[in-house]
Amino acid sequence: MSKALVCSCEDVTVSDVKHAVSRGFCDVESVKRYTGFGTGICQGKNCLSAVASLLEREKALKADAVVPFTPRPPLYPTELRVLASAPVDESQPPVGGVPQELEHFASALRPEGSVPAKAKVVIIGGGIMGLALAYNLALRGETDVVVLERGYLCAGASGRNGGGVRMQWGTPALIELAKRSIDLMKDFARDLGVNVWLRQGGYIFLAKRKDVAERLERNAVLHNKYGVPTRIITPDAARDIVPGLTMKDCLTAAYNPEDGVIFPWAFLWGYAQGCQKRGIKVETYTQVTGFETSNGQVRKVKTDRGDIACDTVVLAAGAWSPEVAKLVGVQLPNEPHRHEILSTEPLKPFLAPLVSVLDTGLYFSQSMRGEIVGGMGDPLEPSGLNMGSTLRFVKRFAEALIEQMPQVGSVKVLRQWAGCYDVTPDNNPVLGRTPGLDNLLQMSGFVGHGFMMAPAVAERMAQWMTRNESDELFTRFNLRRFAEGKLEREDMIIG
């Protein structure tokens, strides 16, 4: 076993890379997420070529498939207070970013050979929803399942979020789903053998406006009714929990000590490995190109690696779900919206809860490695599948963070990235059968909180699919509700 370092920032060795290859993670992006190389101060500048060389030497991929990832701004560690002073016209909508296109994967990355010619269930989308559903189907004896992922695992929103998991929601359905999800996360390491670093440090929501404060108070009553110990606290009490918070312009706060954060990548790897151990095929770098239908049923899923005849199709492609649905003539109400996020250099532990200013969409927490990880919504962000990183975001985020925690102004930002929320008109998901195509099941539209809902939603959906019993979750959030005007708006959305 070699202890030679490949990535000195993150202590990744030659053996770590070889281990990733042995587990089937052969391309640069997958190895980055499996080992953590390239996520430190150098952003891969010092280690990328070494890892690419190792992949070629290990014959993990053909030479033209070793495509490097693109470092994002800031290209050098930069203090938050410097970024906060960047000359950006905030009156203009955000456009572009670096890099703008991340979804055109090299054809050389596509696995050799065809996909299975037939499967009982085809799940489109290898994110947390699709993989959690496949794993839960396997637990119930259904292993004739193929999961199709257009890129590498963690390429979409599941690998790009801040890892927050909370029970503070505005509707009973989401409160109960979140509670069950966090219970399942507590047992994840025991059940799937992967430590997802769940840390229940709580969530503090801050409110600046009166209407937002009233929303927090109203929701806290609802939380208590469903056994969630949220309490409304004063600005002084919030500062006792998070020393250094200025609480500038804040009227009140809501605090639930049982909310928390986990590490997203490990969560996805755990489900993926759990699927593969049970015989489920996870086909990466495989693009859905169309469908074959007859008599109100989907008969085949067409891909760039062949067709799959199937009994049931589940659409769990997140922000890409509307694009895929169009291939079979189904119009979904979802719209993709970019959300940006960043990570700083690691600090000694000082921040237990995730803090969010609900009015502005600012949120930040401290990871188990000590980094401040946070993001912020942008009301001017246009809809579209854009995962580019912008200077505008880091300026707005740095300003808002320093307003609440001025002592972190000298902390340096190391990395910045973006993902897409899958936004529906009422901020609730699209679940259940598709009108006119009975065996096409919808599992999308989670508006940035699918990651934390996945364990419970997948559990319920697998039970519903295998037992053929009714479940109000899949009628309450059915696609029909948009045509019938039966919307149930969720108002605890960050961003």
Side-chain angles (χ1 to χ4, degrees), residues 22-25 30 111-150 152-154 158 180-181 184-185 187-194 196 266-288 291-292 297-303 305-318 324 431-433 438-444 450 453-469 471 473-474:
S22 72
R23 303 299 293 267
F25 306 116
S30 296
E112 295 180 352
S114 301
V115 291
K118 189 176 186 319
K120 191 168 184 181
V121 180
V122 174
I123 298 174
I124 302 172
I128 199 74
M129 278 292 167
L131 290 169
L133 176 62
Y135 174 75
N136 274 275
L137 286 171
L139 290 182
R140 289 155 182 80
E142 185 53 76
T143 58
D144 189 9
V145 179
V146 175
V147 180
L148 301 176
E149 167 55 46
R150 67 189 178 86
Y152 54 90
L153 298 182
C154 289
S158 299
R180 177 60 181 161
S181 276
L184 291 169
M185 290 170 189
D187 296 332
F188 199 85
R190 183 198 66 192
D191 294 343
L192 287 111
V194 174
V196 294
F267 202 37
L268 197 77
W269 293 134
Y271 275 127
Q273 292 175 19
C275 288
Q276 290 164 333
K277 282 180 182 176
R278 287 161 178 77
I280 288 175
K281 295 180 175 60
V282 180
E283 303 285 352
T284 55
Y285 295 107
T286 303
Q287 186 86 27
V288 173
F291 297 87
E292 184 176 306
Q297 300 274 304
V298 176
R299 304 297 180 185
K300 286 184 179 178
V301 177
K302 296 177 176 293
T303 82
R305 294 177 54 217
D307 298 349
I308 310 175
C310 55
D311 296 337
T312 302
V313 181
V314 181
L315 180 50
V324 179
L431 295 170
R433 299 188 185 282
D438 197 49
N439 67 339
L440 173 59
L441 308 183
Q442 302 291 338
M443 194 184 196
S444 68
M453 298 292 179
V457 173
E459 183 183 63
R460 291 271 290 270
M461 192 152 177
Q463 287 175 353
W464 176 65
M465 291 171 65
T466 54
R467 293 180 182 175
N468 201 26
E469 298 173 350
D471 185 326
L473 190 68
F474 303 102

Inset, instruction - Please step through side-chain contact (heavy atoms from CB on, under 4.5 Å) for the pair R299 and F291, ending with a clear verdict. - result: CA-CA 7 Å; R299 304 297 180 185; F291 297 87; over 6 Å; no
Legend entry - Between R305 and T286: side-chain donor-acceptor atoms closer than 3.5 Å: yes
Inset, instruction - Using distance alone, with no hydrogens and no angle criterion, decide if R23 and Q273 have a side-chain donor and acceptor under 3.5 Å apart. - result: yes
Which heavy atom of [X] sits nearest to which heavy atom of [Y], and what is that distance?
X	Y	answer
V194	F188	O-CD2, 3.6 Å
L192	G274	CD2-CA, 4.1 Å
G318	S444	O-CB, 4.4 Å
V457	M443	CG1-CE, 3.9 Å

Inset, instruction - Starting from the C-alpha separation in whole Å, work towards a yes-or-no answer on side-chain contact (heavy atoms from CB on, under 4.5 Å) for L441 and W464. - result: CA-CA 11 Å; L441 308 183; W464 176 65; 4.0 Å; yes
Inset, instruction - Check the pair T303 / L148 against side-chain contact (heavy atoms from CB on, under 4.5 Å), numbers first and verdict last. - result: CA-CA 9 Å; T303 82; L148 301 176; 3.8 Å; yes
Report, one line per pair, each donor and acceptor closer than 3.5 Å where one atom sits in a side chain of residues 112-134; sequence neighbours left out.
unit_1 : atom_1 : unit_2 : atom_2 : d
K120   : NZ     : E142   : OE1    : 3.2

Legend entry - Those residues that, when tested against R467, pass salt bridge (Lys or Arg N to Asp or Glu O under 4.0 Å) (two or more places apart): none
Inset, instruction - Sequence neighbours left out, what pairs pass salt bridge (charged side-chain N to carboxylate O under 4.0 Å, His left out) with at least one residue falling in residues 124-134? - result: none
Inset, instruction - Could you tell me how the ring of Y285 sits relative to the ring of Y152: parallel (under 30°), tilted (30 to 60°) or perpendicular (over 60°)? - result: tilted
Inset, instruction - Could you give me the CA-CA distance, side-chain angles and deciding distance for K281 and V147, then say whether side-chain contact (heavy atoms from CB on, under 4.5 Å) is met? - result: CA-CA 6 Å; K281 295 180 175 60; V147 180; over 6 Å; no
